[in-house]
Amino acid sequence: MRYADYTVRRDGFCGHLAEPEERGDRAVIVVMGGEQSLLPGRKIAEAFAHHGIAGLAVSLFGAEGLPAGPDRVPLELFEPAAALLDRLGYARKAIYGMSMGSVFALTAACRYRCFDKVVLVSPTHVPFEGSVDKKRMSGHSVVTADGRDVPFVPLELGRYKASRYYTDPETGRRVMGMWLSYRDAYRLPESMSACLRPEEAGAELLLVCGDRDEAWPSSYSVEVLHERMAAAGKQARKLVCPGAGHLLGVMPLREKNAWLYRAIPLIGLMYRNFRDDRSACLAALETSQREILAFLR
């Protein structure tokens, strides 16, 4: 496997490339979050390379030349990243976004229209307000294009404690406070104009979520995005994993990241469905990774 690192100052984006020894024509841009994310994008890129698909992780924040946190991240980071893959000879390019990374993956796909496949895992169908820190919102979009805010939905985090569990009377299940905050935001009038438009990407689309996501209502977003594609006369595949929560998709290589897999039981301390139905969650991880790799190949 071959590796290379990229910086905003030199290359126009902060990223990490992992290429298989036997290079094919398929590459995927991986969008996970910041440089210090729990699941680093570089580890996911490496996992793709292990399966024969070059992976280029593009960081959104937390590095020199990038915002300190998820606030006003410039979409223009993806243009030089895609151009790099072109120069390297990858004729078939995909983009993969997990959680908040789904906003950037889909928005970039619609703006640049250079990807033939888009994978969104535990997605949201709207960009949200950026955050200054864990408690304060910025009043601006999490993503910008040409220096201007992309339409976004404001987020009120003060009503609920983000990591506390509440019983939601509408769904009849226990969800985190952040789930309720995001659900309330989806109902704001701004959500109509801020809704992402997957039909404009000109790409095949795979939507992946669990039906018991406790972090935000990703299954609702999957339905919204799927319906938009259908209304435009375009097809999108969706994979809804029963019993699964927010954590899905391609995972770091087990043999190189034993520490991460030893820590998996600790996820149950944060996401209760992982603790309550660990077998379903682990099965969903395997299924979602297998289906994503098959879709990209």
Side-chain angles (χ1 to χ4, degrees), residues 12-13 15 26-33 41 55-61 67 70-86 90-130 140-153 185-186 190-209 216 218 220-239 249 292 295-296:
F13 72 100
R26 166 65 73 186
V28 58
I29 290 180
V30 176
V31 195
M32 299 293 291
L56 176 61
V58 174
S59 296
L60 303 177
F61 53 87
D71 179 45
R72 287 168 277 187
V73 179
L75 196 63
E76 288 77 11
L77 296 171
F78 294 95
E79 187 171 16
L84 169 69
L85 295 179
D86 286 336
Y90 290 105
R92 303 170 63 203
K93 299 189 298 297
I95 191 164
Y96 170 97
M98 195 269 180
S99 192
M100 186 61 76
S102 64
V103 170
F104 296 88
L106 184 51
T107 308
C110 292
R111 179 181 175 91
Y112 297 112
R113 294 181 64 86
C114 62
F115 303 102
D116 59 0
K117 296 188 177 184
V118 177
V119 179
L120 306 179
V121 180
S122 301
T124 173
H125 66 286
V126 297
F128 284 108
E129 183 178 2
H140 294 275
S141 179
V142 70
V143 57
T144 65
D146 300 321
R148 296 188 297 271
D149 283 354
V150 167
F152 69 98
V153 175
Y186 287 156
E190 293 91 335
S191 67
M192 296 297 293
S193 58
C195 185
L196 298 173
R197 296 172 171 81
E199 67 276 10
E200 296 180 0
E204 295 183 59
L205 181 65
L206 173 62
L207 302 161
V208 181
C209 68
W216 64 21
S218 59
Y220 174 74
S221 291
V222 161
E223 292 304 320
V224 171
L225 295 171
H226 192 267
E227 288 172 8
R228 285 198 68 103
M229 290 287 282
K234 300 182 178 181
Q235 291 187 340
R237 293 177 57 187
K238 63 178 178 179
L239 174 64
I292 289 166
F295 174 74
L296 292 181

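Just the heavy atoms: all of them, side chains too, but no hydrogens, waters or symmetry mates, feed the values below. Since we're looking at a predicted model, the values are computed, not measured.
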Drop me the distance from [X]'s [atom1] to [Y]'s [atom2], to the nearest 0.5 angstrom.
{"X": "L207", "Y": "R237", "atom1": "CG", "atom2": "CZ", "answer": "10.5 Å"}
{"X": "Y96", "Y": "F115", "atom1": "OH", "atom2": "CZ", "answer": "15.5 Å"}
{"X": "L225", "Y": "C195", "atom1": "CG", "atom2": "SG", "answer": "6.0 Å"}

Do [X] and [Y] come within less than 4.5 Å of each other through their side chains, counting heavy atoms only?
{"X": "F78", "Y": "Y112", "result": "yes"}
{"X": "C209", "Y": "V121", "result": "no"}
{"X": "I95", "Y": "V31", "result": "yes"}
{"X": "I292", "Y": "L206", "result": "yes"}
{"X": "F152", "Y": "E190", "result": "no"}
{"X": "M100", "Y": "P70", "result": "no"}

Nearest non-hydrogen partners of [X] and [Y], listed with the distance:
{"X": "L120", "Y": "A105", "result": "CD2-CB, 4.0 Å"}
{"X": "V142", "Y": "P127", "result": "CG1-CB, 4.5 Å"}
{"X": "L296", "Y": "A94", "result": "CD2-CB, 3.6 Å"}
{"X": "P123", "Y": "W216", "result": "O-NE1, 3.4 Å"}
{"X": "P151", "Y": "S193", "result": "CB-O, 4.2 Å"}
{"X": "A109", "Y": "V118", "result": "CB-CG2, 3.7 Å"}

Contacts of [X] that satisfy side-chain contact (heavy atoms from CB on, under 4.5 Å) - sequence neighbours left out:
{"X": "A27", "value": "A54, L85, Y90"}
{"X": "E199", "value": "R197, R228, M229, A232, K234"}
{"X": "R92", "value": "D25, R26, D116"}
{"X": "H140", "value": "D71, R72, S138, D149"}

Pairs flagged by side chain to side chain donor-acceptor pair (under 3.5 Å) wherever residues 119-130 is involved - sequence neighbours left out: T124-Y186, H125-S221
List in chain and number order the residues that pass salt bridge (charged side-chain N to carboxylate O under 4.0 Å, His left out) with E223, two or more places apart in sequence or in another chain; answer none if no residue qualifies. K238
For [X], all residues meeting side chain to side chain donor-acceptor pair (under 3.5 Å), sequence neighbours excluded:
{"X": "R113", "result": "none"}
{"X": "S218", "result": "D213"}
{"X": "E200", "result": "none"}

Holding to ring pair (Phe, Tyr, Trp, His ring centres under 6.0 Å), I want the full list of residues that pass it with F104, two or more places apart in sequence or in another chain. none
Working note: L56 + L84, criterion side-chain contact (heavy atoms from CB on, under 4.5 Å); need CA distance, chi angles, decisive distance, verdict. CA-CA 10 Å; L56 176 61; L84 169 69; 4.1 Å; yes
Is [X] reaching over with its side chain to a backbone N or O of [Y], donor-acceptor style, under 3.5 angstrom?
{"X": "S141", "Y": "V143", "result": "yes"}
{"X": "K117", "Y": "L205", "result": "no"}
{"X": "T107", "Y": "V103", "result": "yes"}

Contacts satisfying salt bridge (Lys or Arg N to Asp or Glu O under 4.0 Å) that involve residues 98-111 (not counting sequence neighbours) are E76-R111, R111-D146
Working note: V208 + M98, criterion side-chain contact (heavy atoms from CB on, under 4.5 Å); need CA distance, chi angles, decisive distance, verdict. CA-CA 9 Å; V208 181; M98 195 269 180; over 6 Å; no
